[in-house]
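Remarks on the structure that follows.
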Amino acid sequence: TRFVFLIIAALERIFNRCMEHSLRIHKNFTFVSMARVFSSPAGSAIIAPISARPKPAADLKVKEDEHEKQVDWICPANAHGSIVGAIVEQRFPTPYSLAFCLEDTVREDAVADAERMLRGTLSRIASAAEGGSFFLPPIFVRVRSPEQLLRLEYAPFSSILRGFILPKFFLENCGAYLAAIRSIGRTEEYFYMPVFESAAMIPPQTRREALTEVRAQLDTVSGSILNIRVGGNDLSHAFGLRRPANRTIYDLRPVADILIDIVAAFGTQYVVSGPVWEYYSGEGWEEGLRREMELDLLNGFTGKTVIHPNQI
């Protein structure tokens with residue numbers, strides 16, 4: 001309970017930004033930065049790739065002091081008709097957020113179909129929202145590249161679409177992403193969440209200089225940046241490392257050094273959320289999560305990515 005409370009308190013910084021921009025978000029909505037599937041203590045956030053088989057939903061109840069809050073988690077699903085129906089019929093406890101993934105959950109040869117299906121899904125949600133009185137979650141799209149971000153037909157859905165997740169964000173694509181943000185910003189206002197997970201950050205002799213350059217460029221669109229994420233697992237894989245359940249990401253020193261450099265570069269201006277904890281069952285995973293969350297907070301991270309209801 002103590003750690004859930006700390007997450008909620010820390011993440012208020014993100015939602016104050018949302019409220020300042022007049023987003024229609026419930027005052028208790030808690031947005032935990034996104035993994036493929038994630039949930040938050042004060043609601044749930046669902047991220048659905050555009051091409052995957054539907055999975056059954058599972059319910060989870062979480063008690064904090066005298067307040068009981070229910071979290072629904074949804075496995076990645078392709079049944080967009082079901083997703084639209086679930087929103088309209090309010091099958092999920094509110095508040096929650098929804099993200100559609102066009103990146104690593106979609107095969108290269110399925111991208112065109114995924115984009116077409118996404119347009120259809122957003123169209124149905126927008127149509128339902130025009131005459132409906134249901135809770136409309138903040139909707140985000142995780143794109144594959146700056147080129148796709150510009151190519152997407154987002155304008156017809158500006159009334160329901162809140163922003164985009166930018167994976168593998170670093171010096172090699174930063175300029176292209178920011179150019180896309182500026183181009184879109186001429187007609188629409190969205191929020192963006194860059195994810196720092198590129199292996200290009202590994203060389204220590206160039207990393208800090210590169211992060212400084214990325215920070216300088218990102219500052220030119222800082223008002224549009226909702227949250228910065230870090231890819232602890234992607235970076236661990238690049239080194240051929242994996243932390244066991246009884247250790248933390250900070251015990252993997254090559255990875256920890258990168259994460260700390262990211263916080264040092266961005267933490268004074270932006271909300272930087274902690275990396276994914278990949279365990280949710282087996283011996284010792286809960287204590288490992290608690291220990292890593294303590295270290296996240298001590299090292300300047302705000303919030304934690306969750307990938308399974310057991311982690312709430």
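Bear in mind the structure is a predicted one, so any value in this text is a computation, not a measurement.
Proximity of a side-chain donor or acceptor of Ser127 to a complementary backbone N or O of Ser123 within less than 3.5 Å is detected. Side-chain atoms of Arg162 do not come within 3.5 Å of backbone N or O of Ile139 as any donor-acceptor pair. No donor-acceptor pair closer than 3.5 Å links the side chain of Arg91 to the backbone N or O of Ile83. Looking only at distances, no side-chain donor or acceptor of Arg243 sits under 3.5 Å from a matching main-chain atom of Thr248. In this structure a side-chain-to-backbone donor-acceptor pair under 3.5 Å is present from Gln148 to Arg144. Side-chain N or O atoms of Asn299 include one that pairs as donor or acceptor with a backbone N or O of Leu295 at under 3.5 Å. Between the side chain of Gln311 and the backbone N or O of Tyr279 there is at least one donor-acceptor pair closer than 3.5 Å.
Counting all heavy atoms, side chain and backbone alike, Leu226 lies closest to Phe140 at CD2-CZ, 4.0 Å. Between Phe134 and Ala128, the shortest heavy-atom distance links the atoms CE2-O, 3.4 Å. Considering every non-hydrogen atom in both Val106 and Ala114, the closest pair reads CG1-CB, 3.9 Å. Across Ala210 and Leu171, no two heavy atoms sit closer than the pair CB-CD2, 4.0 Å. Shortest non-hydrogen contact noted between Val141 and Leu161 is CG2-CD1, 3.8 Å. Heavy atoms only, all atoms of each residue included: Gly274 and Val230 are closest at C-CG2, 4.1 Å.
The structure places OH of Tyr270 at 14.0 Å from CD1 of Ile262, a figure rounded to the nearest 0.5 Å. Atoms CD1 and CG, on Ile249 and Leu241 in that order, are 8.5 Å from each other to the nearest 0.5 Å. Taken to the nearest 0.5 Å, the CZ atom of Arg151 stands 6.5 Å off from the OG atom of Ser145. The CG atom of Leu98 sits 5.0 Å away from the CD1 atom of Ile87 when rounded to the nearest 0.5 Å. For the atom pair CG (Asp296) and OH (Tyr250), the distance works out to 3.5 Å, reported to the nearest 0.5 Å. Atom CG of Leu252 and atom CG of Leu235 lie 10.5 Å apart (nearest 0.5 Å).
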Item to check | Stepwise ring pair (Phe, Tyr, Trp, His ring centres under 6.0 Å) test for Tyr177 and Phe169 | outcome: CA-CA 8 Å; Tyr177 267 127; Phe169 189 91; 5.7 Å; yes

Checklist entry - Please walk me through it: do Tyr192 and Asn227 pass side-chain hydrogen bond (donor to acceptor under 3.5 Å, both in side chains)? => result CA-CA 7 Å; Tyr192 299 87; Asn227 171 238; over 6 Å; no

Next on the checklist: Apply side chain to side chain contact (heavy atoms under 4.5 Å, CB included) to residues Phe301 and Leu259 and explain how you reach the verdict.
Outcome noted: CA-CA 9 Å; Phe301 288 101; Leu259 299 183; 3.9 Å; yes

Checklist entry - Which is it for Tyr154 and Tyr190 under the side chain to side chain contact (heavy atoms under 4.5 Å, CB included) test, yes or no, and what are the steps along the way? => result CA-CA 10 Å; Tyr154 52 83; Tyr190 295 107; 3.6 Å; yes

Next on the checklist: Would Ser222 and Gln269 count as a side chain to side chain contact (heavy atoms under 4.5 Å, CB included) here? Give the steps.
Outcome noted: CA-CA 9 Å; Ser222 60; Gln269 173 70 19; 4.1 Å; yes

Item to check | Ile125 vs Phe157, side chain to side chain contact (heavy atoms under 4.5 Å, CB included): CA-CA, chis, key distance, verdict | outcome: CA-CA 9 Å; Ile125 295 173; Phe157 316 113; over 6 Å; no

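Residues Glu172 and Ser198 have side chains that bring a donor and an acceptor to within less than 3.5 angstrom of each other.
Contact of the Ile228 side chain with the Met193 side chain is not registered, since no non-hydrogen atoms from C-beta on lie closer than 4.5 Å. Side-chain contact between Pro194 and Phe170 is absent, with no heavy-atom pair separated by less than 4.5 Å. By the 4.5 Å heavy-atom criterion applied to side chains, Glu115 and Arg119 are counted as neighbours. Using a 4.5 Å heavy-atom threshold, the side chains of Ile225 and Leu218 count as touching. Annotation: side chain of Val143 is in contact with side chain of Leu166 (closest heavy-atom distance under 4.5 Å). Side-chain contact between Leu152 and Leu102: present, with at least one pair of heavy atoms (C-beta onward) separated by less than 4.5 Å.
Crowding of Arg182 atom CZ: a count of heavy atoms from other residues, nucleotides or ligands under 6.0 Å exceeding 12. Applying the 6.0 Å contact sphere to CD of Glu188 captures more than 12 heavy atoms from other residues, nucleotides or ligands.
Ring orientation note: the planes of Phe196 and Phe266 are tilted relative to one another, at an angle of 30° to 60°.
Under the 4.0 Å criterion applied to side-chain N and carboxylate O atoms, Glu103 and Arg142 are assigned as salt-bridge partners. A salt bridge is defined here as a Lys NZ or Arg NE, NH1 or NH2 lying under 4.0 Å from an Asp or Glu carboxylate O, and Lys168 with Asp234 meets this definition. Under the 4.0 Å criterion applied to side-chain N and carboxylate O atoms, Arg242 and Glu278 are assigned as salt-bridge partners. Using a cutoff of 4.0 Å between basic side-chain nitrogens and carboxylate oxygens, Arg229 and Glu197 are not scored as salt-bridged.
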